[in-house]
Each structure stands twice: as structure tokens, then as C-alpha cells.
Amino acid sequence: MNFSPVLLITDVLLWLLVFAVVGYVWYVRRHEHLLVPWLKVRQNPVAMICATVLVAYAAIGLADSLHFRTASGAPGRSQTGVEVRSVLDVLLGAALGPMAGKSEKTYSAPLAIYSFAKETVEKPGGGQAREFPRLTVGGAHLKNPGDRDGDIAWRGALGLAKGLVLFAVLNGALALWVGRKGGGPALAARAMWRGTTPAPWRPILVTLLLICLMACPAVALGSHYHLFGTDKVGQDVLTISLKSIRTGLVIGTLTTMVMLPFAVLLGLAAGYFRGWVDDVIVYLYTSLSSIPSVLLIAAAVLIVQVSIDNHQDLFPTTLQRADMRLLALCVILGATGWTGLCRLLRGEALKLRELDYIQAAQAFGVARLRILTRHMLPNVMHLVTINAVMDFSGMVLAEAVLSYVGVGVDPTTNSFGGMINAARFEMSRDPLVWWLLAAAFFFMLGLVLAANLFADAVQEAFDPRRVVRRARPRIFQRGPVGGMTEAAEDPRAPGGRPA
Amino acid sequence: MTDVLEVRNLHTRIDSASGVVHPLDGIDLTLKAGETFAIVGESGSGKSMTALSIMRLLPEPGWIERGEVNLDGHNILTLPEYRMRDVRGARIGMIFQEPATSLNPVLTCGEQIVEVLERHKIEEGPAARRRATEWLKRVGIPDPERRMDEYPFQLSGGMKQRVMIAVALAAEPQVLIADEPTTALDVTIQAQILDLLKSLQKERGMAMLLITHDLAVVAQMAHRVALMYAGEIVKIGPRDAFFAQPLHPYALKLFASLPGAGKRGEPLASIKGFVPPLHGQFTGCRFADRCDYAYDRCRKQAPAWHGPDPQHQARCHLLDPREEWRLAELLRREDDKVPEAADFAAPADAGDLLEVRDLKVHFPIRKGLLKKVVGQVKAVDGVSLSIRQGRTLALVGESGCGKTTAGKALLQLVPVTGGTVRFGGNEVLGLKGAELKRMRSRMQLVFQDPFGSLNPRMRVGEIIAEGMASFGIGANAQARNDRVAELLGQVGLAVESRYKYPHEFSGGQRQRIAIARALAANPQLIVCDEPTSALDVSVQAQILNLLKDLQKTLGVSFLFITHNIGVVEYLAHDVAVMYLGRIVESGTAEEVLNRPRHPYTQALLAAVPRLNTESKLPPLTSEVKEHLAADIPSPANPPAGCHFHTRCPLAVEACKAAYPAEVAVSATHKVRCIMVQPE
């Protein structure tokens, strides 16, 4: 069995982005004026809860972005024997066993042991009957179907206990890390739970606990049942959902990265240079934003799809082809989505260029490019940051909409939009196939809600007009009114009342 | 006279990121009917907070901890909010600083007054409209019927403030709080608004609480004055006594730091240090750390009220009868001090450094789809002036006259339409690329707003070094670094400041950084665009002293663009007066300020409120004021002939015919007015 890494383009870009974020964090830590708003974000408990959730999502997405190739069997076998898998696949395989991947024939309800549809089966004693057959792997370990409820309860409780243990381990590790600069882990753990540390560790720990208490039972149950059921072709919905996270993350981040250069460069140039440059850019984005965006994207996606299909030879595997289509979707979404931020930055640049320090730089003969990069760009970065974070969730949702319309990612790529689209056909069935939509909804809600709340916190921290407000509903006053107890030796007011 | 408003022991607190701030710590004051009571103080002293606390309009994180505000003997601090709304407007009116933003732009002037009348159930329907029209007439708005239906943007700044006064007084409140009512206005407009407030007060017998930073306005308006410092009143007294005897060391310094003709040549007094942070309790006198006369008791015990009579008092231990010997000692020492020799001889005439002829800056007005040029805003329309080596030329004029544009045009920061600018004998207009850069290194600019002129994302060292790097001054980064340190020393800042960001500095310190940045290029001329108008007087004094020192040591020339006549009198060697894009009078400071010939210069100088009657000029007569009250014409459409004839008290028919030619009153003194005859 040989093993070689496979570099998908989106993998590379995603990891570059991770390194860029790490670099940004390193840079911010050295620049006080950049650090101050982020420290405010750190003090916001909601932001830290959201950050914890986002980190969990990112970990899943990144694990799914390390691909490698294993060729089972003898070398020299045909290409079909080559399988590209990701680290997440391996992890899921280890955790869920036979549940991960395609294992049943068709739909089955969450935690079911029987199929959702009746089938004609041969009776052992001869003859045929239509009945709900047992699933191939879901609950296959049960000898007696009546044991199902007890088995689920037992495995769930065991999972919860494992979750507690895992959390205790994580908590200990974090305490070691926080307490490494003196104080020791015991003291640090106490401070974290009491909320006396600068960062709000208690809400983070509670979030971690909840994640552990969800993940461990999910693994415990998911390794013997289909926790979220199976889809039309019998794939485990839990596995699909987890694999969809990567698609959401790729779309959310890469699209923003494609969009930012357009928006920042064109916006600043339009605002700073004015004149014909401004006219051209403004005409460009007003025309662009007057075309219905879904139509524009649909047209572009179809064109790209055709050209990918015509160049099959460039993509050795279906995975690579699907990946190229995903990247193309990001580029298309980015290339059509920059107008809003561009307009905002143009307005800001128009305001900035009239500021005295820009004029002072001009009076010093500072080159235009330097004025743009050194004087203008740092002063609009807060807007860019806020926008990037806010756009992220919008793009995840946009992918869902586009896949629903049928111009989204490749059908072989797992995505929330694909799941919803698949669920659409079954919504009219009776009994309802609800679990596909529910799973997509649950995972997407977690990601988008966390991203939105985090964006709110970032915006609040970067907004200079916000004043510190304490939760003290003090309309007016308490205690004695008009008490004359000042420290001055003689409290009489001069010239106050004529004698 | 009866007490209308009494404030007793008022304590206000504000939550901030750095803890609870105490902007007001025990304010006591009383207002009598028909009296103007002024609160003066520098920014951050708590004077606006006092007004907002009385109105109970504190910003959200603020609250009143304790105290009483008695209006006609009833404490309005205990009223519920819905009853407080009956007090605001109806019993206490308020005017704000900025007329442009205190009126609602989408309501007509009439609607805003009617709203007040109807809210307080004084009049309704057509009767309210009649009453509102009456009010517009009373505040001196011509053609009130038409103005009733106009929107605020159709009015000039002075007119807007008049409408704001009408809104504030419509419900006939007993008390009017005027928070810096004229700070945003030009002096000629300021004089009118102050007169209007005075006459309305006399007519209605109301009490007025005037809040301002301008001592001269106080001297003109107030009956009694309170001086605030760091959240408390440090000195209080009737107007004449207040200005005659400083009593408190802070007041002494403040009066001495005002620039004026009488102080030419001497350095202005400046106050060391900063206003202390207002967190928590003070054990001693709040001014002790900055006071030249402080002794150990000042740091241990908060001073009580002392003073020559019960009406005129100050919080200072030196006024304690037990400390008389100490005061006498101090006064004796003061007398022994030899005053620094007046050194204001203009440097030997080294010839013209800058020679501007007929400079024009026209901004095209474009309209329609194809952006066709339909007119020109003649911001600068034929300005000629010359600046000599090592001297200061003050360019004076009201806002909108084009003085800032003229300054920027010299450095070609705005496109120049025409004219010549010769710098050191060489034509500099139309230079491009490297030559323009070389020219700019010899001319630099200091801006008005010290908060907007420094890039908040750059360190001070980078800001100063940027210009040097761009001009190629200094052999390498190390040489430039040394130069930055030297410059910081020159403007009186610590060398460590270079590693800090601009937001860590106060307004005055930022202006020092801006000056250091301008000096970095070794310029021969610095254009100072209102460099002190955003600063407090004590800080202004430091900056003016610094500029003067720099001129003495470096021989640099200044073009000083300002509307502050006091600064001009103190600093300028030559003065040019600008009106609607043109220079109407120019000459040496002595000539223009003491013997102004142009009616506009005369009006401008007479409208300046003054602390004492040092001016030799007669005050403005009401007839002249009426003429001046006319709106300033738009530079897009200047009146034919002499631009000033629409507001000139001496205007005759001939003034409308042609723009007057230059009349040379003396070799240096030139006036553009047909009424002036050469001597």
C-alpha cells in the first residue's frame, strides 16, 4: 500500500490562508493600535463562544483539506483502484467504522435499524413478502431488534461519560497552557472558572464542554447507527454533513479573498484619483450591480462547466475536476460580489483624501502608490476586516442558494446546498424524509450564526463611536439628594446668595 | 432680582473604558432673573457638562451622582423624565454651538418653531404660525414670511443661529443656556448674535447661562463670571472685578496667555503640564501640579473659598488671611523679576522670499450629464502678496474668503488657474516631478486640525521621517533618525515620543509634531493654516511661543492664515486682509491694525470682542452693524464692482461700477477702495 499526498488547488489556497491569518496575528501582536480592537473582541464573551465554535468547524474543514492517495492492491492496476482520501475521511473511518461512506441501499431514518422503504424479500421458507428489511450496517450488531432503545441509551450515556473525560483532559491542557507563565495549572484553572483572567475563559470552557458532550455521544452512537439517517443512495448523512463543512469554509473564505483585491484596489483608486479613473470604476460597478446576480453567476458557472468538461484530460480524477469547479465558483462569486465593499471604500477614500494628513503627504512629495498603501489602506483596514467577516456567512448561504438553483458546486462535492437540494424532492413524501434538511440546517446554522455573531462583535470593537456602557440602569441617582458633605474646609458657596 | 436657577453641589459621573470619570465635582451657582452668568474654562473643564447636567441631557454613560438643580425653588433632578420634558424648552431653553447641525435639515424653519409652540401648548394651528413668524422677526431675520418656509440649508450660518435662538426662546423660557453660541461663527456675525442675545435678554428679563472658552466674549456679555478648572469652579465674581483681579493663579496665567498687541515681543505666559485626569478624589488643590506658587499645603488640603468680598472669591490657599505673608512674599519676588527684553525688531530686510502676483484658483461648477462647466467658484481671484525673509505675513479674513485655498495653492496642493508665484526669484507654478518636489521641500504646511493632520496608523518617528525620505534629506536611515530626535527636541517633545502613535498625544503636542514634520524638510517658508484655532488659549500660547522661537533661531518665514485678530496683533509683521478671494488691504501690522482704511478691515477689527479697551478703534455703530448683517455673497457669483459694496456702510453708486484700483496710502500700505485717497 503506497501513499502520496495530493495537492488540490483549494487545499493549497485554504492552507495559505491559514498561514496568512497566523502571520496577521503575529503582526497584530506587535502593533498596539491594531491590537487594541482585537483585545476588545477578546473581552466579549459572545465573540469568544463564537470563536470556539468556528475553530471547531475550521478544524473539521482543515482536516478535510489534507488529501492523499492510497493505491490498494498491486501496482500497475488501473486508475480506478486509486482512491484519494482526506485526513477527515481517515478519522471518520476510524471513529464511525463501517457507517462512514455508502453503506445502505436508500433512505433510512436517524438511528433506525430498518430501511425506510419496503422491499420484496425472499422468505427462508420460500415465497416472497414485502417488508421493511434490516439495514446492512446500521444497528447490524443487534441480534434482537427489540434491544434497540436500551442499546441506544447505554451507548449515549457511555458517550456522555467519554465526553466529560475528554473535556477534563482538554481543560487540564488549557490550564497548563494558561498557567505556563507562573501560577501553575491549578491556580490557572481556578482563575479560568472564576472569570478572573483577562480573556473570558469560563464561557469558552462551557462551549468546549457542550461540544465534547455532543461530539462523543455522536461518535459512540454513530459508530453503530446512522445518527442522522441515510440519504437516497444510502450514504450516512452525518458523514455528508461533516464533509460539507469544508465546502462552506472554502466558499466563505476564498470568495472573500478573491473579492478583496477588486474591492480594495478599485475602491481606493476611484476615491483617491477621482477624474476619469473614478468614472470608469463607478460605471463598472453600477453596471455590474444592475445585472441580476444569480443570472450572471449561473451563466458564468455554465460556461466554466462546459470548458472543464471539454478539458477532461487536465483533471486525472473526478475529485480534481470537482475541486476545479468549486474554485471556479469562488472566483465567479468573488468577481461579481465586490461592488458593495468597493462602493463603501470609494466613499471612505473620497473622505480620506481630503484629510490633512493625506495633503501633508502630498506636500512632502510622497509617491502616489505610497500614499495609497501607507496612508489610505491602513485607515480603511477596519472596514475591510468587518466586511470580510460579515461576508463570510453571506457566501456560505449564497452557495446553498446556488446549489439549490442547480448552478452551484459539482454534484459529487458534498455541500449544504446540495443536501438541501436533495431534500427538496422528498419534502412532499409521506412519511416525511426530514433528516437531510434538518442535518444541513443544524450544521449550517451553527456555522453561520457563529460567524454572524463574531462579525457583530468585531464590528462593535472596531467602531470608534461605541462608548463603554455598563449594565447599570441608573437613570438618575441613588442615595441622599443634595448632601453637603464635601471635603472642603468651608462648604459655603461664594456669591451664591446675597446676604 | 430673584434667583431663578440654583445649582447646589452638583456631582456628575461618566463611565468610561478607564473607569468612572468625575467631570463635575461639586458645582454651586445661582442665576438671577435678567442676569447673564458666564462659565469660562478650557476644554475638558466641565463647562458643557454643567449645561447638560442641568438639562438632564447627559450622554448615555453619564449620570448625576448627587446635587440639586432648583428651578424656582423646585429640584428638577427628582422629576420623572416625562415631566422633565415640560421643563426643557418651556422653562429652560438651550442653544448649541454648531448652527449647522442643531437644526433639523428636513424641516422648514417655521415648522421647527411651531413644533416648540405646539409641544408646550402655547399656540396651535395658524396662531402658532403667526407667533413663529413674529419670532423670526424678533431675532432679526429679514423677510420672515418667506423664511418661514425655507429649509436650514437655504440660510447662512448666522441666520441659522438666529433661527436656533428663535426655537430656543419660542416657549419663553425663564432661563436660556447658550453653549458656545458664537464659536462657529465669524467675528462680524458673532458681534450681531451677541447683540441679539443681549437685547432679547433685556427685553424678556430672562436669566442666561453663557458657556464659552472666549474670555473676550465673557467680558462683553456677562454680569457675573465663573472660571472652571478640572470639574470645579475655581473662581467666581462680578465681571469687572473678575477681570481686574485674577485672584487665582490659574486665572492669572490664563489672562497672561491671551495674545494681543500689548504683548508683542514678549513670550506669552504658558501653563506647564496638563489638566489632571478626573478619576477619583483629589486630596489637594487640583491646580497645584501646574501652579508656580504651589507649596506643601496645596497638595494636602483642598482650598476653601477666599476672597476680597463675598461676591468675588477663588479657591486658593494664598487668599487665606492666614497666608497673607506668603502672598506678600510672592508678590515681592514677582516685582523683582526683570521683564524679558522686548525683542520684536523685524529682521533686516533680506528681500522678498515669496512674490505672488495675481494668483487665481477657480473651481469649475459642472452640471448635467456631460458635466458641462456652467460657472466658476472664484475661491481665489487675483491675489498678490509678498513675504520677506524671516518675517510673518498674516492673511486675515472671514471663513469662505479663500484664505486657506490661497495657502494651499502656493504649494500647488489645489490646481491653480492663473498668476505667478516666484519663490526666491524663481517661478514655481507649473513645476512638475522632481522640480516640484524640490520646491515643496522649501515650502511647508501646518494644518488647522491637529487631529486630522497626522496619520493615526503611523508612529510619530515615521511621520516626521517620511518627508525627509521623500526629499532625500539625510544620507541614510540612521542620519534621519538622529534628525528626528533633534527635531523633537526643537519642538519641545521627548525623544521617546517617536515610538508612540498620534492618539497618545494632546492637541497641543500633536500640533508640535506637525510643526516638527514641517521643519524636517528644512523649509524657508511655512504656511500655517489656523494652527492654533483648535487649541485652548494656554496651549495656543505655547505654540505661538514655539513658532516665534523657531523664526528667531532658524530665520524661517511664516504665512499665517487666521481669523484670530489677537494672534495677528501678537505675531504678525505684515498683514493682508482678504474678502471674497481678493486682498482688500495690505501693509505692515502697525498700519493695517492701527490705521485701517478699508471699511471692511475697520468693521472686522471693531467687531472683535476685547478684554479691555486697548483698541483705539471706535466701536461699531448700529448703522454699520446693520450693513454688515447682510449675507456674505457667494464666490460663485460675486457682486459687480467692489465685492464689499453689498455690506459696506460707505457704499455709493460708483462702487458697483468697477472693482476699485489699488491705492497706495504709503510705500507698504495698499488699499482697494475708491473712498480712500492717497496721502
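Letters A, B, ... are given to chains in the order of the sequence lines, protein chains preceding strands, and every chain is numbered from 1.
At a 4.5 Å heavy-atom cutoff, the contact between B:L454 and chain A is made by backbone atoms alone. Contacts between B:R459 and chain A at a heavy-atom distance below 4.5 Å involve the side chain alone, from C-beta outward. At a 4.5 Å heavy-atom cutoff, B:Q412 makes no contact with chain A through either its backbone or its side chain.
Note: B:L413 CG to A:I358 CD1 = 12.0 Å, rounded to the nearest 0.5 Å. Atom OH in A:Y357 sits 8.0 Å away from atom CZ in B:R457 (nearest 0.5 Å). To the nearest 0.5 Å, atom NZ of residue B:K408 and atom CD of residue A:Q362 are 9.5 Å apart.
For B:R83, the CZ atom is loosely surrounded, since the number of other residues' heavy atoms within 6.0 Å does not exceed 12. In the displayed structure, B:H503 atom NE2 is contacted under 6.0 Å by more than 12 heavy atoms of other residues, nucleotides or ligands. Under a cut-off of 6.0 angstrom, the local environment of OH in B:Y499 is sparse, with at most 12 non-hydrogen atoms contributed by other residues, nucleotides or ligands.
For the pair B:F471 and A:A363, the tightest heavy-atom approach, listed with the atom from each and the gap, is CZ-O, 3.7 Å. Considering every non-hydrogen atom in both B:S470 and A:G365, the closest pair reads OG-O, 3.1 Å.
A:F364 pairs in a side-chain contact (heavy atoms from CB on, under 4.5 Å) with only one of the listed residues (B:Q444, B:M468, B:R440, B:K437), which is B:Q444.
Residue-level contacts of residues 264-276 of chain A with chain B do not occur; threshold 4.5 Å between heavy atoms. Listed by sequence position, A:R370, A:R374, A:H375, A:P378, A:N379 are the residues of residues 370-379 of chain A in contact with chain B, using a 4.5 angstrom heavy-atom cutoff.
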